[in-house]
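Written below as C-alpha cells is the structure these notes are about.
Just so it is clear, the model here is predicted, and its values are computed rather than measured.
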Amino acid sequence: MKYAKDIVEGKRVACKELIQAAQRFLEDLQDPRYEIKHKDAEFCIGIIEKTFVHIKGTAKGKPYILEDWQRFIVYNVAAIYISGTNERKYKEAFIFLPRKNSKTFFASAIAWALSLLERNQYAVVYIVATKLDRALEAFNNVLENLDAMGERKNFRVLDNNSEHSIQRSFQDAEGNKTGAIKIQALAADSKKADGLNGNIFILDEIHAYKSPNDYFVYKQAMKAYMNKLLIGITTAGSSMTSFCFQRLTYCQKVLSKEIEDEQYFIFITKADDPDDYTNPIEHEKANPNYGVTIRPQDIMAEAMQAQNDPSARSEFLNKSLNIYTNTMSAYFDIGEIQYSDEQALKELKAKLKIAPEKEVTIADLAKLKIEWFGGADLSKMFDLTGAAIYGRYEEIDITITHGFIPITQAKAKADEDNIPFFWWMDKGWLSMTNSELVDYEEVVKWFKNKRDQGFKIRAVAFDKYNSRDFVRSMEKQKFKMEEAGQQYWKKSEAFREIERKIKAKQFTFLSSKAFEYCISNVKANEDAEERVRFSKVAENFRIDLFDATVVAVKQAIIARDKNKKINTWF
C-alpha cells in the first residue's frame, strides 16, 4: 500500500506507466468488483523469502528478500480476487523492465512460489524462453535452491537432454494424495506447444518472439484452468513491428484507459525522456532495482560513455533505459500508420459494401475500376526484394506488397536480424525462392499473377541497377516498364504523398505486417528545400517493400499529371 501510494503521490521516482499501474492497484482496492485476499500473497512472499537464497555473487547463500516493487507484483497477481469467488482477477501479466534488475531470478522465485500456492490444484508450471539455455537459467535457480534447502531428495528431478523438470506429490497424514507440482523448462516452439497443458506459464525474453503465435499458443494451453497465469517478462527489443512492441503498445493503452482489459496485469518501467539519458532521475525511473543490483555510479558511467561514443548509445538506451531505440530515429509513427490502415480499410469496406467483420480480399480489389502502378526494389544478390502495386480508389490509397528472398538465406537472415520471414511466408506476404540468389523470374510471376487476377497495371517502375534481366522478362510479358531514378529528390514527392495520405487516414497496406515492418524502419532527413532523403534506421533492418511502394506512387503521380495534361517543370 505504501509503495503504491508513494508512487502516486510522487514520493518515489517512477515513470508514467508505473504511476498508472500503482493508481490502478489503488482503484482496485476501492472497486466492489474485487477483494483482496492477503493470505495468498503473503504465502508467496513467505515461501520466497524463507526458502529461496541467492546463488551467485557476494550475496550467495543469503535469503532472497523481495524489493517493494516485487512484492507489488506478487500482491497483484496472487491476492486480487473477483468478489465473492475463488477466482483471481489477473490471468495474464506483462513485466517489462531493463536488464540487470534481477528479472530472471525473480521469475524463478515466483514460479516456485506459485507452484506451491496452487499445489492442491496439481500445478503445472512451464518456464519458456526462445533458447533453452535461457529457460534453464531460471530452472537451475530453482534446482540449486532445492539443493540449498536439502530438499532435492524429496523431489523427482529430470535434468537431461530430453527433459528438464522438477516434480513432487503431496499427501495428508493418512497418506492420501492432496496435490502435486511440476516445474519444467522449455525452449519456445509453437509447434510442440500445442500438446501442453498447464496453469502457469512464465515466458522470458518475449522481445525475441518472431510471431504472435509464439506467444498465444501458450495462452491457449491454460484454457482448462480457472486460476491460471501467463507472465510475459522481457526487456525492450529493437523492432517496432515485433510482437513484443505490439504488446507494449497495447499495455500502455490499457494503463491509460484507452482500452479495458481487466484480466491483464501490467508492470512497465522505462525512461520517460530518453533524450535526457545522462539524468540519474531517468535511470531510476527505468530501473526498479536502482541502488540495489543497479549501482548508480555504474549506470552513470555507461551513460557518459554512450554520450561520448554514439555507437554505444543505442545499446545503452535499449538495455539500460528500456527504450525501443528505432522509435526515436524512425520517421513514421507506428501508431499513426496502423490507425490509417484501420480507418482506410473501414472506409473501403463501407464503399464496397463489405461487412465490417470480413476482410477486403484481393478479388474485391481486382474488380475495382482503377489503374494500378507497379514498383520493384530489387536486391543485389540474395537479400530481400520488394514488389508492390499501388492504386487509388475514391481518395483511398492502396498498396499491395510482396517480398522475395532465397530460402537458403531466409533462416540465417531471420536469426541474425530478427526478422520473421517464415511467419511472413505463412501469412502470404513473402515468397522464398529455391535458389542461392534472388530469382527475378519469381518477381515477374507475381506481377503477371496480379494482372491475371484482374489488376489493370498501367506501368511498372524499376531502378536500372541490377535490373537488366528483370526488365527483359517483364517486357516479354508485355508490361510497360518505366525507369525510376534512385536520386532522393525524385522520390521525395512520392514519399510526401504517402505521408500525406497516412495523416489523412486514407492509406492502407491491407494490414500486412511485412510492409508495416519496412515502413517502421524508415528514417528521413529534409534538405534545405524540404525534399526528403530517406534510408533505413540501421544496416540490419529492411525497407524494401516501402521503397517499392514509393517508386510505384511516383509513377502514379506522373501518370495523373499526364492524364490532366499538366505540363510543368515537375
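- Remark: the backbone N or O of Lys228 is not paired with any side-chain donor or acceptor of Asn199 at under 3.5 angstrom.
- Residue Glu260 qualifies as open at atom CD: its count of foreign heavy atoms under 6.0 Å is 12 or below.
- Salt bridge absent: Glu284 and Arg12 never bring a charged side-chain N and a carboxylate O closer than 4.0 Å.
- Proximity of a side-chain donor or acceptor of Ser165 to a complementary backbone N or O of Gln184 within less than 3.5 Å is not detected.
- Applying the ring pair (Phe, Tyr, Trp, His ring centres under 6.0 Å) test between Phe515 and each of Phe509, Phe332, Trp429, Trp424 identifies Phe509 as the sole match.
- Ring-centre distance between Trp69 and Phe72: not below the 6.0 Å cut-off.
- The pair Asp544-Arg542 does not count as a salt bridge, with every side-chain nitrogen at least 4.0 angstrom from each carboxylate oxygen.
- Side-chain atoms of Gln246 and Glu516 include a donor-acceptor pair closer than 3.5 Å.
- Residues Ile299 and Phe316 are in side-chain contact: their nearest non-hydrogen atoms beyond the backbone lie under 4.5 Å apart.
- Asn525 has its side chain out of reach of Tyr331: every pair of non-hydrogen atoms, C-beta onward, lies at least 4.5 Å apart.
- A donor-acceptor pair is defined here as one N or O able to donate and one able to accept, closer than 3.5 Å; no such pair exists between the side chain of Asp309 and the backbone of Gln305.
- Using a 4.0 Å cut-off between charged nitrogen and carboxylate oxygen, Glu342 and Lys505 do not count as a salt-bridge pair.
- Side chain of His283 to backbone of Tyr277: a donor-acceptor contact under 3.5 angstrom is found.
- Pairs engaging residues 116-130 under the side-chain hydrogen bond (donor to acceptor under 3.5 Å, both in side chains) rule: Arg88-Glu118 [sequence neighbours left out].
- Neither side chain, Arg295 nor Tyr290, offers a donor N or O lying under 3.5 Å from an acceptor on the other.
- Shown here is Lys100, whose NZ atom has no more than 12 heavy atoms of other residues, nucleotides or ligands within 6.0 Å.
- At a threshold of 4.5 Å between non-hydrogen side-chain atoms, the residues Ile231 and Phe201 do not count as touching.
- Taking the six-membered ring for Trp and the full ring otherwise, the centers of Tyr264 and Tyr90 sit at least 6.0 Å from each other.
- The line from CD1 of Ile80 to CD1 of Ile82 is 11.0 Å long, rounded to the nearest 0.5 Å.
- With a 6.0 Å cutoff to the six-membered ring centre and a 45° limit on the axis angle, Lys536 does not count as a cation-pi contact of Phe541.
- Legend: ring-ring contact (aromatic ring centres under 6.0 Å, His included) pairs involving residues 295-314, not counting sequence neighbours: none detected.
- Considering only heavy atoms from C-beta on, Asn197 stays 4.5 Å or farther from Val124 through its side chain.
- A cation-pi arrangement, defined by a distance under 6.0 Å to the six-membered ring centre and an angle within 45 degrees of its axis, is present between Lys37 and Tyr81.
- Contact of the Trp423 side chain with the Leu430 side chain is not registered, since no non-hydrogen atoms from C-beta on lie closer than 4.5 Å.
- With hydrogens and angles disregarded, a donor-acceptor distance shorter than 3.5 Å links the side chain of Asn322 to the backbone of Thr269.
- Two residues are said to be in side-chain contact when any heavy atoms from C-beta on lie closer than 4.5 Å; Val125 and Lys182 fail this criterion.
- With Tyr250 as the aromatic partner, Arg247 meets the cation-pi criteria of under 6.0 angstrom to the ring centre and within 45 degrees of the ring axis.
- In this structure, the side chain of Ser340 does not engage the main chain of Ile337 through any donor-acceptor pair within 3.5 Å.
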